[in-house]
A.B. asks: 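Dropping a structure here in structure tokens format, bear with me for questions.
The chain is numbered in sequence order, starting from 1.
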Amino acid sequence: HVVRTTEVFLSPDGAASMDIHKELVADEIEPYIDFESLKPETITRRLTSGLKLQGSNVRLKDIKDNFDDYSICGRDFVPSMEISYGMDTRSYAKASSSRIFVPLNPVAALIDYPRGERKNDIFIKYREDIMDRVILHLPEGFEIESIPEDIWLETPWGVFSSRVTQDGGLVTITQRHISLPGRHPASSYDSFRQYARDVNKSYGSSLVLRKIRNL
């Protein structure tokens, strides 16, 4: 289980400063055990791997875990970690002279689906639950022109939801993807591929900001 909160301070030119906080449980913590002992360049590479953003000036702020609680919790113990870091990027959004095209969730990992013919059964071994909350601070002098519609998908492959809300100069994007374990025949691969496309499309869709014209 992963809960990821990303606070984005967007600039009119599409650059951004980001504060990211991850809450990880069970198997999701494995890549981050002894993380602070790694070289800075290795930490940066791991935190930015798979992102569509070109991150620069990645700053690891804090790592917390509950490993010392094992003696208290005993057999019911579930390991968890929290990781906080900052990142600057020059490529968060695409800006023109009057508009900014802002991706809903550029920190999400897309669902991989090979385009060739499927010959073997499709086996999803584990349930994976990823919750994303992106809090976007609008740059001064801009307002929202358009927002993607809310989405709810419920399929044998997984459940996905996406919602965008606004409160003044703050826009909150909430997305959740739950993959469902199971074995499916190869003949159902087109259905899986369509589901992956729909989820990836939502992750990659954009809201549009426009410059406020002086009256």
Side-chain angles (χ1 to χ4, degrees), residues 1-24 43-64 82-111 129-153 159-178 197-215:
H1 182 66
V2 177
V3 177
R4 182 169 46 207
T5 301
T6 305
E7 189 167 14
V8 182
F9 301 87
L10 185 64
S11 298
D13 63 355
S17 176
M18 306 161 60
D19 288 321
I20 303 169
H21 181 77
K22 290 183 180 180
E23 301 173 31
L24 309 147
I43 290 175
T44 295
R45 186 167 60 250
R46 290 198 185 179
L47 290 176
T48 58
S49 176
L51 299 185
K52 291 175 285 185
L53 301 172
Q54 295 181 351
S56 62
N57 189 24
V58 177
R59 307 170 299 280
L60 183 62
K61 297 179 179 179
D62 191 29
I63 294 183
K64 298 178 182 178
E82 294 184 27
I83 301 172
S84 297
Y85 59 100
M87 183 171 73
D88 299 323
T89 177
R90 293 178 293 275
S91 59
Y92 192 90
K94 294 182 179 180
S96 67
S97 58
S98 60
R99 286 175 172 81
I100 308 176
F101 300 85
V102 186
L104 286 194
N105 192 353
V107 299
L110 302 182
I111 301 176
D129 187 346
I130 301 177
M131 167 76 83
D132 272 301
R133 185 180 297 105
V134 180
I135 303 169
L136 175 69
H137 294 254
L138 301 184
E140 186 175 355
F142 282 82
E143 63 183 2
I144 289 181
E145 182 176 70
S146 66
I147 292 177
E149 294 183 356
D150 294 348
I151 293 177
W152 173 266
L153 301 174
V159 179
F160 176 79
S161 62
S162 178
R163 187 181 184 210
V164 183
T165 60
Q166 182 183 9
D167 183 7
L170 288 180
V171 176
T172 301
I173 299 105
T174 304
Q175 296 184 314
R176 186 175 187 180
H177 178 228
I178 303 173
R197 285 177 181 146
D198 290 340
V199 173
N200 292 349
K201 181 180 179 181
S202 181
Y203 280 148
S205 61
S206 299
L207 57 89
V208 182
L209 310 181
R210 65 184 172 197
K211 185 176 293 186
I212 300 172
R213 297 184 180 275
N214 295 327
L215 298 178

A.B. asks: Can you tell me how far apart CG (Asp132) and CD1 (Ile173) are? Round to the nearest 0.5 Å.
C.D. replies: 10.0 Å
A.B. asks: I'd like to know whether CZ of Arg90 has more than 12 heavy-atom contacts from other residues, nucleotides or ligands below 6.0 angstrom.
C.D. replies: no
A.B. asks: Starting from the C-alpha separation in whole Å, work towards a yes-or-no answer on side chain to side chain contact (heavy atoms under 4.5 Å, CB included) for Asn200 and Asp198.
C.D. replies: CA-CA 6 Å; Asn200 292 349; Asp198 290 340; over 6 Å; no
A.B. asks: Would you mind reporting whether Leu209 and Leu138 have side-chain heavy atoms less than 4.5 Å apart?
C.D. replies: yes
A.B. asks: Just jot down the side chain to side chain contact (heavy atoms under 4.5 Å, CB included) partners of Thr5, sequence neighbours excluded, or say none.
C.D. replies: Arg133, Ile135
A.B. asks: Determine yes or no for a side-chain-to-main-chain donor-acceptor pair under 3.5 angstrom, with Ser11 supplying the side chain and Asp13 the backbone.
C.D. replies: no
A.B. asks: Which is it for Leu153 and Val199 under the side chain to side chain contact (heavy atoms under 4.5 Å, CB included) test, yes or no, and what are the steps along the way?
C.D. replies: CA-CA 9 Å; Leu153 301 174; Val199 173; 4.3 Å; yes
A.B. asks: Less than 4.5 Å apart, any side-chain heavy atom of Pro139 and any of Leu10?
C.D. replies: yes
A.B. asks: For the atom pair OG (Ser205) and CD1 (Ile147), what is the distance rounded to the nearest 0.5 Å?
C.D. replies: 11.0 Å
A.B. asks: For side chain to side chain contact (heavy atoms under 4.5 Å, CB included), just list the numbers for Leu104 and Val134, CA-CA rounded to whole Å, side-chain angles, deciding distance to a tenth of an Å, and then say yes or no.
C.D. replies: CA-CA 8 Å; Leu104 286 194; Val134 180; over 6 Å; no
A.B. asks: Testing the basics here: between Phe142 and Pro12, what is the closest heavy-atom pair and its distance to 0.1 Å?
C.D. replies: CE1-CB, 3.9 Å
A.B. asks: Considering only distance and modelled atom types, tabulate donor-acceptor pairs under 3.5 Å from the side chains of residues 159-171, sequence neighbours left out.
C.D. replies:
from, atom 1, to, atom 2, distance (Å)
Ser162, OG, Gln175, NE2, 3.0
Gln166, NE2, Gly168, O, 3.0

A.B. asks: Can you sort out the partners of Phe9 under ring pair (Phe, Tyr, Trp, His ring centres under 6.0 Å), two or more places apart, ordered by chain and number?
C.D. replies: His137
A.B. asks: Can you measure from CD1 (Ile178) to CD1 (Ile130) and round to the nearest 0.5 angstrom?
C.D. replies: 10.5 Å
A.B. asks: Check salt bridge (charged side-chain N to carboxylate O under 4.0 Å, His left out) between Arg99 and all other residues, then give those that pass, not counting sequence neighbours.
C.D. replies: Glu145
A.B. asks: With sequence neighbours excluded, tell me which residues meet salt bridge (charged side-chain N to carboxylate O under 4.0 Å, His left out) with Arg176.
C.D. replies: Asp129
A.B. asks: Just distance, no hydrogens or angles: give the donor-acceptor pairs under 3.5 Å from side chains in residues 14-24, sequence neighbours left out.
C.D. replies:
from, atom 1, to, atom 2, distance (Å)
Ser17, OG, Asp88, OD1, 3.3
Asp19, OD1, Lys61, NZ, 2.5
His21, ND1, Ser84, OG, 2.7
His21, NE2, Glu82, OE1, 3.2
Lys22, NZ, Tyr32, OH, 3.0

A.B. asks: If you apply the rule side chain to side chain contact (heavy atoms under 4.5 Å, CB included), what do you find for Ile151 with Glu149, and how did you get there?
C.D. replies: CA-CA 6 Å; Ile151 293 177; Glu149 294 183 356; 5.7 Å; no
A.B. asks: Would you name the heavy atoms of Ile100 and Ala93 that are closest together and state the gap between them?
C.D. replies: CG2-CB, 3.6 Å
